[in-house]
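Side chains included, hydrogens not; waters and symmetry mates left out as well; all remaining heavy atoms used. Convention: sequence-line order gives letters A, B, ...; per-chain numbering from 1. Because the structure is predicted, anything quoted here is derived from the model rather than measured.
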2 protein chains.
Amino acid sequence: MLKYALLGFLNYKPMTGYDLENYINISTGNFWHARLSQIYMTLKKLEQDGLVTSHVEPQEGRPDRRVYTITEAGRADLSAWLAEPLVELVPGKDPLLLKLFFARSIGKQAVLTQLRVQLELHRKQLEVYRRGLPPEAHEIVREQPELKPETLFWDATRRFGELYEEARVQWLEETIARIEAEFNDI
Amino acid sequence: MLKYALLGFLNYKPMTGYDLENYINISTGNFWHARLSQIYMTLKKLEQDGLVTSHVEPQEGRPDRRVYTITEAGRADLSAWLAEPLVELVPGKDPLLLKLFFARSIGKQAVLTQLRVQLELHRKQLEVYRRGLPPEAHEIVREQPELKPETLFWDATRRFGELYEEARVQWLEETIARIEAEFNDI
DNA sequence: TACGCCATGTAACGGGTTACATGATTCA
DNA sequence: TGAATCATGTAACCCGTTACATGGCGTA
């Protein structure tokens with residue numbers, strides 16, 4: 001699926017692997033991420049499959065850049081994927097919930113400490129989402145005004161982050177209170 | 001990490017790989033899942049590492065059962081993992097958000113259709129969580145009354161499912177309304 | 001008659017992470 | 001002086017999925 005994140009961004013404009021990592025971290029870090037090593041390998045595969053092309057731009061004083069450009073076949077592949085509806089719930093994995101599920105044996109105070117650490121982290125992340133789209137998003141639109149209509153969708157994904165973190169914070173507060181009241185050690 | 005789900009359940013009582021899949025699907029399906037093939041392979045590895053032992057119970061008319069039992073080393077490993085606090089947010093991946101991020105090009109109606117499908121799915125899942133812990137959870141406690149105190153933690157993970165689906169439903173309703181109002185096609 | 005449950009496994013493959021390898025420029 | 005940024009890539013490994021292989025019993 002990283003494939004489609006890369007095609008999606010290359011559909012905005014040609015870029016290097018390094019650039020793509022920045023775009024992904026800033027724009028989709030919320031719901032998708034990737035390491036540079038994986039991005040480089042995936043780009044190579046996309047080129048083999050004819051979905052992107054690349055050319056090297058020599059630079060002085062810093063490494064040469066390999067710039068990737070989406071092809072017509074790439075655009076077609078991206079469109080086909082976008083058009084294909086998701087008709088099932090995507091089962092996720094959540095290490096914190098897994099730990100909590102089995103956590104009784106470590107004792108009341110240890111559980112509460114862990115949940116309070118999580119509460120702090122999620123409150124901070126909630127603040128980040130409440131600030132709206134990051135300044136980099138507005139810069140991108142300044143440089144490419146034709147992307148203006150995209151911001152509705154970018155902001156929708158940000159808004160999900162906000163609602164998700166609100167739910168998480170509320171749940172942590174509730175769960176801490178419940179464990180304080182109902183957990184009877186030994 | 002499946003390792004710890006398996007150790008966690010084997011800490012309740014000895015079981016086969018097949019049993020473990022049922023426990024995982026019923027109890028932690030919400031936030032953790034695994035295929036049988038992976039469960040069998042992971043159990044084999046746990047046995048090599050001395051965290052579980054196994055013995056075969058012959059049966060008539062159906063395949064023999066290989067029953068796994070957690071060892072002292074296994075309990076120690078589980079406890080160490082449970083005690084280790086999660087001090088960072090876990091970055092997740094969400095295919096629906098990835099699709100939505102790039103969805104402008106497929107057009108207003110296609111986007112709305114996809115979001116409405118999702119809304120239906122999440123409303124149904126929300127109903128499931130609102131029904132409380134599944135009947136199987138109560139059966140387990142009837143068979144093993146010493147597990148009663150665990151139900152506080154089981155229900156906490158269920159409650160997260162409920163709040164998560166509420167957030168998802170609210171977000172989908174909001175996003176559908178926003179796209180209806182603000183998406184200008186062409 | 002066919003499907004689902006019980007029950008265990010192997011093999012090939014794909015996606016992703018970590019570690020390794022290199023090296024100049026810029027800023028605090 | 002040291003850390004961050006720019007910039008690209010390979011290799012080993014781990015986790016997980018899909019497909020393959022087997023086969024009796026109970027139920028609709």
Side-chain angles (χ1 to χ4, degrees), chain A residues 1-7 9 14-26 28-29 31-49 51-52 54-68 81 88 90-95 98 136 139, chain B residues 1-7 9-10 14-26 28-29 31-49 51-52 54-68 81 88 90-95 98 136:
Chain A
M1 300 259 304
L2 173 61
K3 172 184 170 176
Y4 295 109
L6 299 178
L7 289 177
F9 283 118
M15 270 183 265
T16 68
Y18 191 87
D19 294 335
L20 281 161
E21 199 217 12
N22 283 330
Y23 269 73
I24 287 175
N25 286 344
I26 292 164
T28 69
F31 50 87
W32 209 269
H33 61 94
R35 304 277 165 175
L36 262 173
S37 66
Q38 198 199 347
I39 291 172
Y40 285 125
M41 285 192 305
T42 307
L43 284 170
K44 187 173 279 192
K45 179 125 194 306
L46 289 178
E47 189 163 27
Q48 281 165 18
D49 296 348
L51 305 180
V52 302
S54 76
H55 66 275
V56 176
E57 283 183 6
Q59 291 195 122
E60 282 166 39
R62 37 184 74 190
D64 294 349
R65 294 158 52 86
R66 179 175 289 275
V67 178
Y68 288 89
W81 176 73
E88 280 177 24
V90 186
K93 303 204 170 178
D94 189 323
L98 185 61
E136 291 92 336
E139 275 167 43
Chain B
M1 299 257 307
L2 173 61
K3 171 182 169 178
Y4 295 110
L6 299 178
L7 289 175
F9 283 117
L10 290 177
M15 270 184 266
T16 68
Y18 191 87
D19 294 335
L20 281 162
E21 199 217 11
N22 282 329
Y23 270 72
I24 287 175
N25 287 344
I26 293 164
T28 69
F31 51 87
W32 210 268
H33 62 94
R35 304 278 165 175
L36 262 174
S37 66
Q38 197 200 347
I39 291 173
Y40 286 125
M41 285 191 304
T42 307
L43 284 170
K44 188 173 277 191
K45 179 126 196 304
L46 289 178
E47 188 162 28
Q48 280 166 18
D49 295 347
L51 304 180
V52 301
S54 77
H55 66 275
V56 175
E57 284 182 6
Q59 292 195 125
E60 281 165 37
R62 39 184 73 189
D64 295 349
R65 295 157 52 86
R66 180 174 290 273
V67 178
Y68 287 89
W81 175 72
E88 279 176 24
V90 185
K93 303 205 170 177
D94 189 323
L98 184 62
E136 291 92 336

| Shortest side-chain distance from Q38(B), nucleotide among dT17(C), dC15(D), dA7(C) | dC15(D)

| Phosphate-side-chain proximity, K93(A) and dG16(D), N/O vs OP1/OP2 below 4.0 Å | yes

| field | Listed nucleotide nearest any side-chain atom of R62(B), set dT8(C), dA7(C), dT18(C) | value | dA7(C)

| request: Nearest whole angstrom, please: distance from the P of dG14(C) to the NZ of K45(A). | output: 8 Å

| request: Show your working on side chain to side chain contact (heavy atoms under 4.5 Å, CB included) between N22(A) and E136(A) and close with a plain yes or no. | output: CA-CA 10 Å; N22(A) 283 330; E136(A) 291 92 336; over 6 Å; no

| request: Tell me whether the OP1 or OP2 atom of dG9(D) has a side-chain N or O from Y40(A) closer than 4.0 Å. | output: no

| said: Test side chain to side chain contact (heavy atoms under 4.5 Å, CB included) on L2(A) and I24(A); report intermediate values, then the result. | reply: CA-CA 10 Å; L2(A) 173 61; I24(A) 287 175; 3.9 Å; yes

| request: Calculate the interatomic distance between E60(A) atom CD and dG23(C) atom C1'; express it in whole Å. | output: 16 Å

| field | Nearest to side-chain heavy atoms of S37(B), which nucleotide of dT8(D), dT18(D), dC6(C) | value | dT18(D)

| Parallel, tilted or perpendicular: rings of W81(A) and Y4(A) (30°, 60°) | parallel

| said: Could you check whether any side-chain heavy atom of L20(A) comes within less than 4.5 Å of a side-chain heavy atom of T42(A), counting everything from C-beta outward? | reply: no

| query | Between M1(A) and D19(B), which is nearer to the 5' end of DNA chain C once each is assigned its nearest nucleotide? | reply | D19(B)

| For V52(B) and L6(B), what are the C-alpha separation, side-chain angles and deciding distance, and is it a side chain to side chain contact (heavy atoms under 4.5 Å, CB included)? | CA-CA 10 Å; V52(B) 301; L6(B) 299 178; over 6 Å; no

| remark: Among dG9(D), dG16(C), dG23(D), the one nearest any side-chain atom of P63(B) is dG23(D)

| query | So, is Q59(A) close to the dC6(D) phosphate, meaning a side-chain N or O under 4.0 Å from OP1 or OP2? | reply | no

| From dT8(C), dG9(D), dT10(C), nucleotide with atom closest to K44(B) side chain | dT10(C)

| request: In whole angstrom, give the distance that lies between atom CG of D64(A) and atom P of dG23(C). | output: 14 Å

| query | Would one find a side-chain N or O of R35(B) under 4.0 angstrom from OP1 or OP2 of dA19(D)? | reply | no

| Nearest-angstrom distance from the residue atom CG of L20(A) to P of dC6(D) | 14 Å

| OP1 or OP2 of dA7(C) less than 4.0 angstrom from a side-chain nitrogen or oxygen of R65(B), does that happen here? | yes

| query | Quick one: which of dA7(D), dA7(C), dT17(C) gets closest to the side chain of M41(A)? | reply | dT17(C)

